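Along the sequence shown, residues are numbered consecutively beginning with 1. Values in this document were obtained by computation on a predicted structure and should not be read as measured data.
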Amino acid sequence: MAATGPRSLGVRWRDRVVASDPGLLRLAAGLRTVGAIALTLVVLSLSGGDVSHLVAGAISAMVATFAIREKQLGPQAVTLALGLPVALASVTLAALLSSRTVVGDLFFVALIFCAVYGRRFGDRGTALGLIGFQVYFMSLFVGVTPDALPGFWATIGVAFACSATARFALVPQTPTGILGRLRTAFRARLAQLIDAQAELLDAGPGDVEKALTQVREGTARLHETAMMIQGRLEEGTRDEATARLVQRRVADAEIAAERLGLLLLTARSAERADTLTLHLPGAPVPDSGRLPVREEATDVLRRDLRALSLLVRHPVRDGTGLAQVRNRLLGYRDEENLPVASPPVQDVFRGVGEAARAVLGLRLALDGPQDESDDSPETARSREELDAEDAAIGGAEEAGDAAVEPTGLRRPTTRAAVQVALGSSLAILAGEVLSTQHWYWAVLTCWIVFINTASTGEILVKGYRRLLGTVLGVVAGIGLTALVGHHTWTAFAVVLLCVFAMFYTAPLSYTLMSFFVTAALGVLYMLLHTYSLSVLLLRVEETAVGVACGVVAAAVVLPVRTDRRTNELLTTVLDRLTEVTSAAVDQLSGGAPADLLDRARDLDQALADLRAATQPLTHPVTPLRTRRDTARYVVALLETCAYHARSLAATAELLPTHPSIAADPRLRGAGQRILHNVGAIADRVEDDHSKAEVLTGPSIASLLRPTTSTPPGYARVTDRVLRHLQRLDEAVTGLARPLGVPVRQEQS
């Protein structure tokens with residue numbers, strides 16, 4: 001098992017690529033869009049199209065490709081087919097109204113309203129709205145006139161046909177294929193996280209902060225991939241039972257990896273590590289935990305962490321050596337196989353054993369049955385446990401209550417449509433003051449800052465990033481136009497590179513995406529013989545005007561303040577936390593089985609929405625530093641709560657099949673304080689005048705001590721459950737101070 005051979009380097013490089021782009025979704029999006037544009041350019045050039053038709057075809061092909069977001073191929077084809085008449089109608093109206101300024105502007109505003117309002121009809125409504133708006137914008141950009149309409153109709157038809165070819169033939173993506181690549185990315189990120197944890201084990205005083213940062217980032221990236229898999233399970237698996245099995249095994253591996261990181265932190269510390277350390281960026285390592293572990297068992301632990309990473313990356317069928325590694329790691333699940341070491345270090349070995357079990361379960365779920373000829377007794381026992389769990393998976397799901405949809409102007413799509421319509425009207429007026437020919441750039445910016453935003457603060461941050469990317473892109477555009485000169489095909493090649501970079505970086509950085517868009521536009525202006533330095537500077541001015549109009553509209557018309565938005569999402573997170581904790585504790589106390597993992601993922605999704613909504617508060621340039629730190633602290637505490645709730649849910653789901661887990665009715669009473677405190681915080685967030693209080697008292701662990709008759713295996717599991725309850729109780733109580741909820745000592 002050489003660690004430095006060519007194959008090992010190749011595997012590691014492949015893993016880095018796969019892990020950096022889970023499911024290769026960004027790569028596929030870039031290649032599919034570039035392929036559609038390139039094919040369109042080839043067809044149009046062979047048919048004798050001039051530069052204006054080439055530019056129109058490129059923009060239409062790009063829009064027809066990126067606008068469609070459905071996951072199944074059938075719905076994608078239907079949306080693409082419906083998008084063609086929408087595009088033809090849009091370019092026709094743009095051309096016919098080009099000489100009627102007032103009527104054209106009014107229609108453009110109406111089109112913008114309809115395009116945004118169409119988001120309420122799901123992915124198809126969003127796609128058709130995007131196509132209608134962007135094709136109208138394209139018509140203004142290239143200057144389509146009524147007498148040139150037949151040629152542009154043909155151009156748009158070619159663009160849509162080439163987009164279909166790229167989507168369904170050149171770069172096809174099926175839900176099953178995407179899910180398969182996401183699972184590969186999950187394993188790659190899991191291996192990278194274990195590598196980072198191994199580095200943390202040995203990190204000295206000068207390197208521990210960097211090592212801990214890598215562990216934090218690896219934990220967050222693994223969770224991100226798990227959430228992406230969750231969103232693809234329904235379409236990417238053959239039946240519900242398979243989907244639930246994969247969901248269960250991915251959750252097990254994620255929880256086991258995060259728990260292993262916490263155990264390693266504890267092994268470095270004189271006291272048990274705080275879970276918050278893994279979730280709060282910049283949180284300092286306790287002074288007592290800055291030195292690496294120095295015990296005789298450390299060399300063994302270091303070797304086993306590397307072995308665990310190897311086991312994640314390679315299937316056991318690669319050789320009997322890996323089977324022996326797996327057997328050794330699974331052996332740590334038995335007390336008699338633990339090396340002689342201090343209790344915290346022995347806990348790490350137990351964590352390695354549980355992680356190896358999770359990896360085994362992941363392999364069985366994703367790759368099917370494996371050779372069992374080299375199994376040790378410990379491995380055979382783990383397989384039996386996993387088989388029993390698999391047999392129990394697939395029960396009926398509970399029907400959730402239907403969410404009450406807001407109506408009228410309270411509906412988010414209606415409110416956003418009104419806001420963007422007003423903002424666009426202001427942008428038209430202000431944009432035409434700057435330029436009667438290029439005013440539409442202000443409208444485009446105003447439109448874009450409203451996409452995927454829900455509060456005034458989010459619009460402000462997105463507008464700032466758009467403006468910054470545009471300024472930098474103008475500088476790049478000046479350089480690129482100087483390099484390509486008037487070489488048409490060289491210029492189109494540069495545009496294709498910029499388009500690929502735009503789609504590849506879009507999920508990572510909106511500033512980078514804006515940078516590549518603006519750089520490409522500079523080259524397009526040169527192709528249309530309208531390039532000048534003043535035009536690019538005007539682009540910056542129009543962008544600034546569009547941002548300003550968007551922010552004004554969002555702040556004045558039916559505003560959704562960032563505080564209100566975050567409070568609503570915070571309440572949702574607390575409600576989901578209550579649901580997961582209540583159901584898990586009830587099941588661990590002997591209650592009826594519930595669909596715990598789906599509830600845990602609902603909690604994760606609500607937390608992801610809250611994290612996105614707090615970006616205006618946590619942005620590096622915000623002048624409200626105290627508020628920024630408070631928002632980060634609250635989100636980190638909620639992530640800690642979610643981790644412990646997920647762990648409780650995962651343990652509770654093992655209850656019917658795991659031989660060392662038994663229901664304990666006393667847990668129901670122990671969880672009541674947690675549920676009360678979560679409810680009190682939610683009441684206070686919803687109503688500042690609420691009198692609800694958070695209660696504190698004796699530690700939950702002290703309330704439920706194992707009896708002398710409790711078998712050793714049960715004691716270990718009970719201790720783990722109590723530890724999660726205790727940490728959850730502490731994290732929930734910790735939310736009281738930053739959120740201004742009074743705390744009262746519980747009466748015994």
**Intermediate values then yes/no, side chain to side chain contact (heavy atoms under 4.5 Å, CB included), T445 and R466** = CA-CA 8 Å; T445 299; R466 175 82 177 182; 4.1 Å; yes
Please check if any side-chain donor atom of [X] sits under 3.5 Å from a side-chain acceptor atom of [Y], or the reverse.
{"X": "T470", "Y": "S514", "answer": "no"}
{"X": "R539", "Y": "T518", "answer": "yes"}
{"X": "W441", "Y": "S435", "answer": "no"}
{"X": "R189", "Y": "T225", "answer": "yes"}

Side chain of [X], backbone of [Y]: donor and acceptor closer than 3.5 Å?
{"X": "S45", "Y": "V42", "value": "yes"}
{"X": "R100", "Y": "L96", "value": "yes"}
{"X": "T184", "Y": "G180", "value": "yes"}
{"X": "T33", "Y": "A29", "value": "yes"}
{"X": "K71", "Y": "Q76", "value": "no"}
{"X": "T436", "Y": "E432", "value": "no"}
{"X": "T505", "Y": "L508", "value": "no"}

Are [X] and [Y] packed together at the side-chain level, in the sense that at least one heavy-atom pair is separated by less than 4.5 angstrom?
{"X": "I59", "Y": "F141", "result": "yes"}
{"X": "F133", "Y": "V116", "result": "no"}
{"X": "P172", "Y": "R167", "result": "no"}
{"X": "E542", "Y": "V443", "result": "no"}
{"X": "V545", "Y": "C549", "result": "yes"}
{"X": "R32", "Y": "Q173", "result": "yes"}
{"X": "R601", "Y": "D604", "result": "yes"}
{"X": "L25", "Y": "R232", "result": "yes"}

Could you tell me the separation between the [atom1] atom of [X] and the [atom2] atom of [Y], rounded to the nearest 0.5 Å?
{"X": "I131", "Y": "T79", "atom1": "CD1", "atom2": "OG1", "answer": "8.0 Å"}
{"X": "H223", "Y": "Q230", "atom1": "NE2", "atom2": "CD", "answer": "10.5 Å"}
{"X": "T614", "Y": "L610", "atom1": "OG1", "atom2": "CG", "answer": "5.5 Å"}
{"X": "Q134", "Y": "S60", "atom1": "CD", "atom2": "OG", "answer": "10.0 Å"}
{"X": "L54", "Y": "W489", "atom1": "CG", "atom2": "CH2", "answer": "5.5 Å"}
{"X": "R181", "Y": "I229", "atom1": "CZ", "atom2": "CD1", "answer": "13.0 Å"}

Minimal non-hydrogen separation, [X] against [Y], with atom names:
{"X": "A613", "Y": "R565", "result": "CB-CG, 4.1 Å"}
{"X": "G463", "Y": "V449", "result": "CA-CG1, 3.8 Å"}
{"X": "C446", "Y": "G423", "result": "SG-C, 3.4 Å"}
{"X": "I112", "Y": "S424", "result": "CD1-OG, 3.4 Å"}
{"X": "V135", "Y": "S90", "result": "C-OG, 4.0 Å"}
{"X": "P175", "Y": "Q72", "result": "CG-OE1, 3.4 Å"}

**Request:** Verify salt bridge (Lys or Arg N to Asp or Glu O under 4.0 Å) between E568 and R564, making sure each step is shown before the conclusion.
**Result:** CA-CA 6 Å; E568 290 175 351; R564 173 185 159 192; 3.3 Å; yes
**Item:** V495 and V499: CA distance, side-chain angles, deciding distance, side chain to side chain contact (heavy atoms under 4.5 Å, CB included) verdict
**Value:** CA-CA 6 Å; V495 170; V499 169; 4.2 Å; yes
Are [X] and [Y] an aromatic pair by the rule of ring centers under 6.0 Å?
{"X": "Y440", "Y": "Y136", "result": "no"}
{"X": "F492", "Y": "H487", "result": "no"}
{"X": "F515", "Y": "Y510", "result": "no"}

**Message:** Less than 4.0 angstrom from a charged side-chain N to a carboxylate O is my criterion; do D123 and R69 meet it?
**Reply:** no
**Request:** Evaluate side chain to side chain contact (heavy atoms under 4.5 Å, CB included) for V552 paired with V556, printing each intermediate quantity in order.
**Result:** CA-CA 6 Å; V552 168; V556 175; 4.2 Å; yes
**Message:** Angle between ring planes, F152 versus H53, binned at 30° and 60°: parallel, tilted or perpendicular?
**Reply:** parallel
**Asked** Relative to each other, are the rings of Y504 and F500 parallel, tilted or perpendicular (30° and 60° limits)?
**Response**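 Rings of Y504 and F500: parallel, as their planes differ by under 30°.
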**Prompt:** Can you check side chain to side chain contact (heavy atoms under 4.5 Å, CB included) on W439 and L140, steps first, answer last?
**Reply:** CA-CA 10 Å; W439 55 269; L140 298 175; 3.9 Å; yes
